[in-house]
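Worksheet for the structure shown next.
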Amino acid sequence: NPNGNIILVSGACKSGKSRWAEALIKGETNVCYIATGLYDTKDKLWIDRINQHKNRRPKDWKVIECSYNLKQVINDNNINTINGFLEHNR
């Protein structure tokens, strides 16, 4: 967002988190979006849903898909301003 803040959106599966987060940062530049969720290649409905999400996001966003090990993704991408998350998940 304009202030350089990190926003963590959490909630239940299929609760509208992605749409809400995407609307919140719509029009922003320099977005790093971490898309979490399990990727099951056998579940066609779930893959369709993931593809809808991918197609909805602006192409200039940096999108990182992460099914497991969010802490490692945060560390690997130098997202170091959420130290509380990192400290509590060691």
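FYI, the numbering just counts along the sequence from 1. Only this structure's heavy atoms are used, side chains among them; waters, hydrogens and symmetry mates stay out.
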Quiz item: Which distance, rounded to the nearest 0.5 Å, do you find between the CG of Asp76 and the CG of Asn69?
Solution: 8.0 Å
Quiz prompt | Distance (rounded to the nearest 0.5 Å) between Arg49 CZ and Cys13 SG | solution = 6.5 Å
Practice problem: Output, in order, the C-alpha distance, side-chain angles, deciding distance and verdict of side chain to side chain contact (heavy atoms under 4.5 Å, CB included) for Cys66 and Gln72. | Solution: CA-CA 10 Å; Cys66 172; Gln72 188 65 47; over 6 Å; no
Quiz item: Roughly how far, to the nearest 0.5 Å, is CG of Leu45 from CD1 of Ile50?
Solution: 11.5 Å
Quiz prompt | Lys17 side chain vs Ala12 backbone, donor-acceptor pair below 3.5 Å | solution = yes
Quiz item: Nearest heavy-atom pair of Glu22 and His53: which atoms, and what distance?
Solution: OE2-O, 4.5 Å
Quiz item: For Ile64 and Cys32, what are the C-alpha separation, side-chain angles and deciding distance, and is it a side chain to side chain contact (heavy atoms under 4.5 Å, CB included)?
Solution: CA-CA 7 Å; Ile64 303 166; Cys32 178; 3.7 Å; yes
Exercise. Report the distance from atom CD1 of Ile74 to atom NZ of Lys71, rounding to the nearest 0.5 Å.
Key: 9.5 Å
Practice problem: Nearest 0.5 Å please: distance from the CH2 atom of Trp61 over to the CD1 atom of Ile25. | Solution: 3.5 Å
Quiz prompt | Value rounded to 0.5 Å, distance of CG in Asp40 from CD1 in Ile47 | solution = 7.0 Å
Self-check item: Within 6.0 angstrom of Arg57 CZ, more than 12 heavy atoms from elsewhere
Solution: yes
Quiz item: Given side chains that start at C-beta, do those of Pro58 and Tyr33 come closer than 4.5 Å, heavy atoms only?
Solution: no
Self-check item: Atom CG of Asn51: over 12 foreign heavy atoms under 6.0 Å
Solution: yes
